[in-house]
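A quick write-up on the structure given underneath.
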Amino acid sequence: MTALGELTRPWQAMSYGFLDPSAKREMRRAMLKAVAVPGCQIPYASREVPMARGWGTGGLQVTLTLVNPGSVVKVIDQGADDSVNAVSIRQFVQKVAGARGTWDTQEATILQSRHRIPEEKLREDQILVLQVPNPEPLRPVQPNMSLARQMHADADYGRLWLVLYEQVVRSGRIMQGASYPALVNGRHVMTPSPIPRWDLPKLDMARHLTLLSAGREKRIFAVPPFTRVQPLAFDDIPFRVEDHASLVCHRSGVAGFFMNEIPQPDGSARHELSDSHFGIKAIRRSEGEAVEIGETWYRNGAVT
Amino acid sequence: MSLPSPRPAPQQPPRDLPRLMTTPPILAMTGISRRFGDVVALQDVSATVYPGEVLGIVGESGSGKSTLLRMMNLEDSPDSGDYRLAIPGAAGNLFDLDRYRRRMLCARHVGIVYQNPHLGLLMGHSSSGNVAERLLIAGERRFAVLGGRAREALDASEFPLERIDARPIELSGGMQQRVQLAKAIALEPALLLLDEPTTGLDVSVQALVLDTLKRLQRDRAITMVLVSHDLGVIRTMADRVMVMRRGRVVEEGLADQIFQDPQHPYTQALVHAKL
């Protein structure tokens, strides 16, 4: 006779990586589907994690599913590694998975990010996880989600172009700042989370896998390596990134990258690198330390 | 002095057959039947439309005329029936096409003006944007061309161009219909469907919209199918008339013939009620 106790696992305080195995299995299946159909939103169950919806629960679930004891995790919040949100997510992953945390883009294997893609190029062995608040690019033009899904099925994106058309008519240029809609692999239009326009060209034919996950909306989508990501733009009005090429970081003296604007009491503004650890590395190098800075997506403010 | 030789007698040109007899129809529907539960909406209805003509469809409410028009726009499928359009890329029974092909075909080749502008227009977008959307769906990606052609279409439907950026919701009923019309003709469709385009407009605006339609028809020789319960509108616009009742076509013929010499008792009642 086999005792029931022999068939069950020994008691544990929690499963590895916080999520239970069936939740991770479901996540993996959703991720595989998302990779198989680039840019298509795949539904998933979105489990509870000890964090409020809207603070990166979608990204966290992907990270917890992908993580293993050998992983090196970097968490970015608006370009910074030291904000409360970034620190607590990174510490949580370290605690429940035994993975190592880092600030260095070169060193990390999993990068969970909110609003930014690092300035240094990512490699094949790195995975970028983006936290997405609103995964549906059609929401502003079609509030009915059932109809929006039909529009995706029909590749009926005329209304997204219409929004851009009206922005040009009204303002003379495209006003869409973040979440700029982009056509993935020539088929699905995605909203690439609230990354600035500056970061969108980084996804095109990138070497790394990007997973975009919305915890509250329970949708996951992906940009696999070497996939075309084309921002929607008119033939005679090309896509433009932010005019940050000429801005100089007041702390590191580096120019030609995406900057944060810091208003000064006298009404003027100073700028500093948005990718904070990239800035730290630049300062260290200028002080004579042997710091390795990877190849960057942009050089002198232009995409390489 | 010789007399000028007599001019040769003018030769009689060979008498052409009427155009209706020589040109193949642009639209051919045969044996369309459609039931909604117990209600028979259409019973074995056939219709043909020839290039450049205006086919008027009259009938009381519930006679199936709007259902028929929805079928022509491929928004609905019948229980049985065959639908062919003589346009490039549309071979075979169009009801066999999948959703995507139907949508692309209709977006490119069929224009429609609904009675209710909310069905045909995006109320949150500008009027020029509404027209441009049609071109965007058809794949136009040049901003200058989009703007230019939207303006052209709105101008052709006699829309006041100073209001081009106003949203349709801010416009009067007559102007909303003009925006719908501009949207419908922007791609120069092979077929223009009009579902009670002037119902709900006051008589003077109705006359202006009909004027525009008439002029468009004359200038561009657009093939139109006009559904209305208003005999006055049909009489003004249509070359041929189809009278429908309870899902069947009860009478069909040239407009003058139907109005002067109605044969079917229902048509007689209809014509006499009007006049």
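Quick note: numbers below take in every heavy atom, side chains included, and nothing from hydrogens, waters or symmetry partners. All chains are named by letter (A, B, ...) in the order of the sequence lines, taking the proteins before the strands, and each is independently numbered beginning at 1.
Around atom CZ of A:Arg53, more than 12 heavy atoms belonging to other residues, nucleotides or ligands sit under 6.0 Å away. Atom CZ of A:Arg299 has 12 or fewer heavy atoms from other residues, nucleotides or ligands within 6.0 Å. Around CH2 of A:Trp297, the count of heavy atoms belonging to other residues, nucleotides or ligands within 6.0 Å exceeds 12. Other residues, nucleotides and ligands contribute more than 12 heavy atoms inside 6.0 Å of the NZ atom of A:Lys218. A:Arg207 CZ: 12 or fewer foreign heavy atoms inside a 6.0 Å radius.
Residue B:Ala144 touches chain A through both its backbone and its side chain, counting heavy-atom pairs closer than 4.5 Å. In this structure, the portion of B:Leu122 lying under 4.5 Å from any heavy atom of chain A is its side chain and not its backbone. Proximity to chain B (any heavy atom under 4.5 Å) is restricted, for A:Ile237, to the side chain, taken from C-beta onward.
In terms of modelled atom types and a separation under 3.5 Å, the side chain of A:Asp236 and the main chain of B:Arg142 share no donor-acceptor contact.
When the heavy atoms of residues 93-108 of chain B are compared with those of chain A, the residues falling under 4.5 Å are B:Arg99, B:Tyr100, B:Arg103, listed by number.
Checking each of B:Asp165, B:Leu146, B:Ile164 against A:Val169 for a side chain to side chain contact (heavy atoms under 4.5 Å, CB included) leaves exactly one that passes, namely B:Asp165.
The minimum heavy-atom distance between A:Tyr165 and B:Gly147, with the atom names listed, is OH-CA, 3.5 Å.
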Apply the test side-chain contact (heavy atoms from CB on, under 4.5 Å) to residues A:Arg159 and B:Leu136: give CA-CA distance (whole Å), side-chain angles for both, the deciding distance (0.1 Å), then the verdict.
-> CA-CA 8 Å; A:Arg159 290 192 198 179; B:Leu136 284 165; over 6 Å; no
